[in-house]
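Note that the structure is a prediction, hence the values are computed from the model and not measured. Counting starts at 1 for both ligands and their atoms, in listed order.
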Amino acid sequence: MKKVIAFVGSARKGHTHDAAAQFLRNLQSLGEVEVEIVRLSDYRIEVCKGCQVCFAKGESLCPLKDDRDILIEKMLASDGVVFAAPNYSFHVSALMKVFLDRLGFAFHRPRFFGKAFTGIVVQGIYGGNKIVDYLDFVGNALGFNTVKGSCLMTLDPMTEKQQRKIDKILTAQARRYYARLVKPSYSAPSLMDLMFFRMGRTKVRLELDDNACDYTYYKDKGWFESDFYYPTRLGILKKGVGQFFDMMFTRMTKAR
Ligand SMILES: Cc1cc2nc3c(=O)[nH]c(=O)nc-3n(C[C@H](O)[C@H](O)[C@H](O)COP(=O)(O)O)c2cc1C
């Protein structure tokens with residue numbers, strides 16, 4: 001049995017909530033999946049003050065006391081995650097963004113490997129496709145296996161044609177997501193994934209030391225020596241390209 005949680009970034013039980021619920025129902029029609037909807041508005045999520053203590057010293061020293069860790073625990077305990085947000089002023093809603101900012105340290109120290117991810121953006125008219133790309137990027141940066149998200153048009157009053165289009169999009173997205181959910185989780189990284197990993201670890205290795213949380217996190221995980229975040233077999237080409245990235249980013253970091 002797989003567990004999937006949808007985090008909904010709309011304060012009302014409107015189209016974003018409905019789309020997330022429909023997506024989860026679609027998943028359940030494909031196999032044994034336990035689902036949960038987390039409405040972010042039901043949780044206390046404080047606005048990040050920008051002190052950067054989480055980056056330097058660790059997230060446990062964050063001065064904000066809110067429900068951040070409850071939400072992170074939920075993600076860690078799941079096999080898959082969905083971020084669903086309305087398009088507000090050409091971006092995710094503030095509610096979703098405040099939540100993402102609370103995960104800022106996890107972009108430095110990714111941890112959600114082996115878990116499926118997708119985004120759902122709900123909008124009236126325009127701007128959502130870029131937000132879908134943004135959420136895809138967020139999913140990758142957090143370490144998830146990202147399945148391309150979708151953008152749904154929900155201009156009220158909804159027509160039957162609009163609803164049929166949404167049904168079609170969410171059915172296809174759920175199929176892609178389910179395939180990812182049940183696939184062995186630790187697949188070989190793409191060249192882009194490899195590049196981001198080698199770039200990040202080179203910067204951390206050369207610019208930080210044992211006093212920095214990012215450094216000890218990388219060290220403890222063995223990431224200064226490993227091919228990638230998790231054990232994987234790189235083909236000869238990727239091994240070579242990986243070495244090239246290491247060399248290039250070492251030069252670039254030293255030249256800074
Ligand atoms: C403050 C605000 C800003 C919005 N900005 C946009 C926008 O930039 N582009 C767009 O297409 N729709 C925009 N909308 C429309 C919403 O994305 C749309 O109504 C969506 O269905 C809201 O989701 P909900 O039903 O879950 O509340 C905006 C709505 C609000 C309330």
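- Through side-chain heavy atoms spaced under 4.5 Å, either directly or across other Ile, Leu, Val, Met, Phe, Trp or Tyr residues, V147 is tied to V4, V8, F23, L24, L27, L30, V33, V35, I37, V82, I120, V122, L152, M158, I166, I169, L170, Y177, Y178, L181, V182.
- The protein residues lying under 4.0 angstrom from ligand 1, judged by non-hydrogen atoms, are S10, R12, G14, H15, T16, P86, N87, Y88, S89, F90, V122, Q123, G124, I125, Y126, T154.
- The shortest distance between side-chain heavy atoms of F7 and I5 falls below 4.5 Å.
- With hydrogens and angles disregarded, a donor-acceptor distance shorter than 3.5 Å links the side chain of D193 to the backbone of S190.
- Applying the salt bridge (charged side-chain N to carboxylate O under 4.0 Å, His left out) definition to pairs two or more places apart or across chains, none involves residues 9-33.
- Checking Q173 against T118 by side-chain atom types alone, a donor-acceptor pair falls below 3.5 Å.
- Scanning for side chain to side chain donor-acceptor pair (under 3.5 Å) contacts around H108 gives D214, with sequence neighbours left out.
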